[in-house]
Amino acid sequence: QVPLVESGGGSVQAGGSLRVSCAASGGYLGSRICMGWFRQAPGKEREGVVSLGRDGITTYADSVKGRFTISRDNAKNILYLQMDSLKPEDTAMYYCAVVPSDYCSLAMLTSYGREFWGKGILVTISS
């Protein structure tokens, strides 16, 4: 497990943009990895936002398609989530996850233990 640290959260008005980052100290987990972001709003279940497999294939939740974009900087070991056209319902704690799995999906991000997640960062969207 590689320690993950999120940054870049905050508060914006609806329609605005934010970019959150996830830095992995010591590098990612070799080549058998599935990475991505999930979120949890107060009183709600965890929701997978986007996954990125080692083959480069991405899967977005329907609720964020066309508005959120995942990317990675391999040289810096940083995973990004660009969030545009934000809505109040996007308000949540956002977590990055990197799990040692050849198979990648939104559900896979949370199928491993907390040691494979960052501690989360709060994103608040006001109407």
Side-chain angles (χ1 to χ4, degrees):
Q1 300 88 305
V2 177
L4 303 171
V5 180
E6 298 94 340
S7 62
S11 300
V12 294
Q13 289 190 324
S17 297
L18 277 175
R19 187 177 76 164
V20 289
S21 303
C22 174
S25 61
Y28 286 125
L29 299 170
S31 60
R32 292 178 57 241
I33 55 173
C34 169
M35 61 184 73
W37 296 86
F38 66 93
R39 64 188 181 185
Q40 188 165 21
K44 294 189 176 181
E45 297 290 323
R46 293 188 197 108
E47 176 190 20
V49 174
V50 57
S51 64
L52 171 61
R54 63 185 179 91
D55 52 7
I57 293 176
T58 56
T59 301
Y60 289 89
D62 288 342
S63 57
V64 305
K65 278 181 182 176
R67 300 188 299 119
F68 289 15
T69 304
I70 190 171
S71 62
R72 59 186 289 188
D73 184 327
N74 291 330
K76 297 181 180 178
N77 291 320
I78 298 177
L79 187 67
Y80 298 101
L81 180 65
Q82 177 67 40
M83 302 182 288
D84 300 316
S85 302
L86 284 160
K87 304 175 182 179
E89 51 264 44
D90 293 319
T91 295
M93 285 290 290
Y94 283 73
Y95 300 83
C96 66
V98 179
V99 301
S101 173
D102 287 324
Y103 174 72
C104 197
S105 68
L106 294 178
M108 189 58 65
L109 296 175
T110 54
S111 65
Y112 286 72
R114 292 180 177 271
E115 61 268 32
F116 294 94
W117 311 342
K119 293 187 177 182
I121 193 160
L122 183 62
V123 171
T124 304
I125 312 303
S126 58
S127 56

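Heavy atoms only: backbone and side chains are in, while hydrogens, waters and symmetry mates are out.
Separation of atoms OG (Ser21) and CZ (Arg72) is listed at 14.5 Å; rounding is to 0.5 Å. Taking CG of Leu4 as the reference point, atom CG of Leu79 lies at 9.0 Å (rounded to 0.5 Å).
Across Leu18 and Val123, no two heavy atoms sit closer than the pair CD1-CG1, 3.7 Å. Contact record, Tyr112 with Ser101: OH-CB, 3.9 Å, taken as the closest heavy-atom pair. Residues Cys104 and Ser51 share a closest heavy-atom pair of SG-CB, 3.8 Å. Considering every non-hydrogen atom in both Asp62 and Lys65, the closest pair reads OD1-NZ, 3.1 Å. Minimum interatomic distance between Cys34 and Leu109 (heavy atoms only, all atoms of both residues): SG-CD2, 3.9 Å.
In this pair, Phe38 and Tyr95 present their aromatic rings parallel. The plane angle is below 30°, not in the 30 to 60° band.
In the hydrophobic clustering of this structure, Val49 does not group with Leu106; members are Ile, Leu, Val, Met, Phe, Trp, Tyr whose side-chain heavy atoms approach within less than 4.5 Å, directly or through other members.
The main-chain N or O of Ile70 is found under 3.5 Å from a side-chain atom of Tyr60 such that the two form a donor-acceptor pair. The backbone N or O of Cys96 sits less than 3.5 Å from a side-chain atom of Glu6, completing a donor-acceptor pair. No donor-acceptor distance shorter than 3.5 angstrom exists from the side chain of Tyr94 to the backbone of Trp37, with no hydrogens or angles considered.
Checked against side chain to side chain contact (heavy atoms under 4.5 Å, CB included), Ser111 has the following partners two or more places apart in sequence or in another chain: Met108.
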For residues 80-93, which side-chain donor-acceptor pairs fall under 3.5 Å, sequence neighbours excluded?
residue	atom	partner	partner atom	Å
Gln82	NE2	Asp84	OD1	2.9
Asp84	OD1	Ser17	OG	2.7
Asp90	OD1	Arg39	NH1	2.9
Asp90	OD1	Arg67	NH2	3.0
Asp90	OD2	Arg67	NH1	2.7
Asp90	OD2	Arg67	NH2	3.4
Asp90	OD2	Lys87	N	2.8
Thr91	OG1	Pro88	O	2.9
Thr91	OG1	Ile125	N	2.8
Thr91	OG1	Ile125	O	3.4

